[in-house]
Protein chains: 2
Amino acid sequence: MDRVTLRDVAQAAEVHVSTASRALNEATRAVVKPETVKRVLEEAEKLGYRPDPIARGLRTSQTLSIGIVIPDLENPLFGPIVAGIEAGLAADGYSVLITASTSHREDEAVRSLTDRHVDGLILASATLADPVVERLAKSGPPTVLVNRFTENVDIPAVIGDDQLGIRLAVDHLVEMGHTNIGHIAGPDQMSTGIDRRRAFEGLMRDYGYRLLVEGATGFQIEPGATAAARLLEREPSITAIVAANDLIGLGVYRAVRSAGRMVGSDIAVTGYNDVAMLDLVQPAMTAVHVAYRHMGAKAAEVLLAILRDEDSPTTTLLEPTLAVRSSTQTTSG
Amino acid sequence: MDRVTLRDVAQAAEVHVSTASRALNEATRAVVKPETVKRVLEEAEKLGYRPDPIARGLRTSQTLSIGIVIPDLENPLFGPIVAGIEAGLAADGYSVLITASTSHREDEAVRSLTDRHVDGLILASATLADPVVERLAKSGPPTVLVNRFTENVDIPAVIGDDQLGIRLAVDHLVEMGHTNIGHIAGPDQMSTGIDRRRAFEGLMRDYGYRLLVEGATGFQIEPGATAAARLLEREPSITAIVAANDLIGLGVYRAVRSAGRMVGSDIAVTGYNDVAMLDLVQPAMTAVHVAYRHMGAKAAEVLLAILRDEDSPTTTLLEPTLAVRSSTQTTSG
DNA sequence: GCGGCTGGTGCAAACGATTGTAGCCCCTTT
DNA sequence: AAAGGGGCTACAATCGTTTGCACCAGCCGC
């Protein structure tokens, strides 16, 4: 089953390959006689012709493929993001080249993609000050950041509204009567870390509450637990903790228990992201819910708009919601 | 920053492009004078030359890319699998083209990949009787199945040893004194459904226990819960349930509670796969643990072996382990 | 009746690499 | 001294498309 080439179609339709090419091509179809177009299309259909993206790419330097860089594919966050991107692009015929910046360094990941002439790039791996992103902004294919963004760079980003998200969590806790509210922040190198921290700080100022913050060295359970332990020791009067993400929140659970106190009744805890099964841990964790699949789809949409030369917003903020569960209810545990 | 082409290197080194090509190419390097090789390599280095995979692919019809088809990227199973594949291939310079067979049909997903001349294919989407896989076996690029396999087809597969996995679960339950053991099976269309069911049936025969099985219509919580409810009503004497996967197991949790009984003390439950956070649900679920990242890496390895023309096993069975947790301990809940 | 325009098609040169073959030079051998 | 051969390099075709340009016939207008 050898590949059917444009030449085959042209021969079958008894025209020159250039004519066949024009007939097949939406944009140039107008210049060839309708009758000829019909004949070519029929033969192409009959033979099952499918244009070779490689050959076309060589000539046009467009590959109908876009590259995406994910920092850590094992993180359950990124599955839905990739799914959203893939679905958003598939409709327009784009394929997805994926690289994880764990197996390469980020710049190698990007280079391996640009080497392959991707038409666009979606990065989920951006850090706050990211030389790779800066270079891409100057020269490189159209790029969209997703989930995280980079400061002082003119590249569109599709991210969650962290300020709103933190406000949802804090307001909920305040409503439940808490005034000594702590925050376990994520790493400062990522916008999701620093933005949530700043949002929290701003709200505490507004409410006139004391600022009780500890930074975790990573967005995982372990760092969350140690940071929370520090905070709980330093400020035993705390009654609620806003965690920078779900895993840190689970770390907080652990620290709270180590301190001989109870999650929910003694100390309310909120997570962020609302990953799967967070409603099944004990107690079910209240969390800011981010629609990651939608975020991916939106990023695809923005990138497609750029590729079509439409203008598009430089930043898209997605509104999170709050999933209230028992970790912030005083009732039982 | 225009692309540095082979011609640029050739000019700089004052040789013909064909000579430059041979000098750059490991395999053909021998035929060109060492001194010339040195000069070409130096210029290539200096100019930052990177061969264009597109152009090379057109000529050699090898693209150094492999395609992977995932049924559902949002399923937390597949993140680690993809991560493993990606890491395994990256070392050899291969890139990963990923498509989800949710946005296309499976055959479209495969076709979009073969159109792009992928050198190989890894399918996580195979069903027991899968026409797409059968077609691929006859004519198509080298293909490896991962996680699931297709019957009566000569394509290597890297899968977990479901028979061993189920045995680990059942033996553990028997050891704990259970004799009335039920099974909630997954869909029969997938090898992971039918194989676990058959393994379970075989063990019950061997032990001489009664066969208590209900099939769930899907690998999710809902179908698991309804199937488990049926089983519990039909056979109230049951004291343990082996679920075909974790989510079905969580469905079993729900059904057990709806029946007014307790998971762990009244009814022991085991899951399968051991997804993240399964140790944090209440009670922590005993589960057969499958190393999905390793499975992905192994699939990559097998595919690379085929691409290098080494012979490779037709089926690779990965040994699961059992993570024992409180859902099978009678002690507390 | 001739020049020019226009609609339709073919020609050929790209895109950037790989690779079979031809050719050159120089050395060896008879 | 001529022929042969080995080492090295250049030439040119090729992969499948796209696309600027030339070409040609027919038609219109003057």
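Within every chain, numbering begins at 1; the chains are lettered A, B, ... in the order of the sequence lines, protein sequences first and strands thereafter. On a predicted model such as this, the values are computed, not experimentally measured, just so you know.
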As a quick check of understanding, evaluate salt bridge (Lys or Arg N to Asp or Glu O under 4.0 Å) for A:Lys38 and A:Glu35, giving each step before the final call.
CA-CA 5 Å; A:Lys38 182 155 165 290; A:Glu35 186 191 310; over 6 Å; no
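Remark: P of C:dT6 and NZ of A:Lys33 are 19 Å apart, rounded to the nearest angstrom. Look at CD on A:Glu35: it is 17 Å from P on C:dG7, rounded to the nearest Å. A straight line from NE2 of A:His117 to C1' of C:dG16 spans 9 Å, rounded to a whole angstrom. Residue B:Asp8 contributes atom CG, which lies 13 Å from atom C1' of C:dA17 at whole-angstrom precision. Rounding to whole angstrom units, CZ of residue A:Arg29 and P of C:dG7 are separated by 19 Å. Following rounding to the nearest Å, B:Leu58 (CG) and D:dA13 (C1') show an atom-to-atom distance of 13 Å. Nucleotide C:dA17 holds its P atom 12 Å from the CZ atom of B:Arg50, rounded to whole Å. Between the CZ atom of A:Arg3 and the C1' atom of D:dT17 there is a distance of 11 Å, given to the nearest Å.
Dashed line: the shortest gap from a side-chain N or O of B:Thr36 to OP1 or OP2 of D:dT9 is under 4.0 Å. The shortest distance between the side-chain N/O atoms of B:Arg56 and the OP1/OP2 oxygens of C:dG16 is not below 4.0 Å. The shortest distance between the side-chain N/O atoms of A:Thr5 and the OP1/OP2 oxygens of D:dT17 is below 4.0 Å.
Bending across the helix from C:dG1-D:dC30 to C:dT30-D:dA1, expressed as the angle between its end axes from five pairs apiece, amounts to 70° (10° rounding).
Under the side-chain contact (heavy atoms from CB on, under 4.5 Å) test applied with A:Thr143, the options A:Val133, A:Val69, A:Ile155 reduce to a single match, A:Ile155. Exactly one residue among A:Ile122, A:Val158, A:Ile68 makes a side-chain contact (heavy atoms from CB on, under 4.5 Å) with A:Leu303. That residue is A:Ile122. Considering A:Val146, A:Leu77, A:Val82 in turn, A:Val82 is the only one that fulfils the side-chain contact (heavy atoms from CB on, under 4.5 Å) rule with A:Ile70.
The side chain of B:Arg59 sits closest to C:dT18 out of D:dC8, C:dT18, C:dG16. Residue B:Asp52 has its side chain nearest to C:dG16 when only C:dT19, D:dT17, C:dG16 are considered. Counting only heavy atoms from C-beta on, B:Arg7 has its side chain closest to C:dC15 among C:dC15, C:dG8, D:dT17.
With respect to the salt-bridge test (charged N to carboxylate O, under 4.0 angstrom), the residues A:Glu42 and A:Arg39 do not qualify. A salt bridge links A:Asp92 with A:Arg308: the distance from a Lys NZ or Arg NE/NH1/NH2 to an Asp or Glu carboxylate oxygen falls below 4.0 Å. The residues B:Glu108 and B:Arg111 are annotated as not salt-bridged, no charged nitrogen and carboxylate oxygen being separated by less than 4.0 angstrom.
A donor and an acceptor atom, one from each side chain of A:Gln189 and A:Thr127, are nowhere located under 3.5 Å apart. Between the side chains of B:Arg116 and A:Ser95, a donor-acceptor pair is found at a separation under 3.5 Å.
Residues of residues 10-28 of chain B having a heavy atom closer than 4.0 Å to DNA chain D, listed by number: B:Val15, B:His16, B:Ser18, B:Thr19, B:Arg22.
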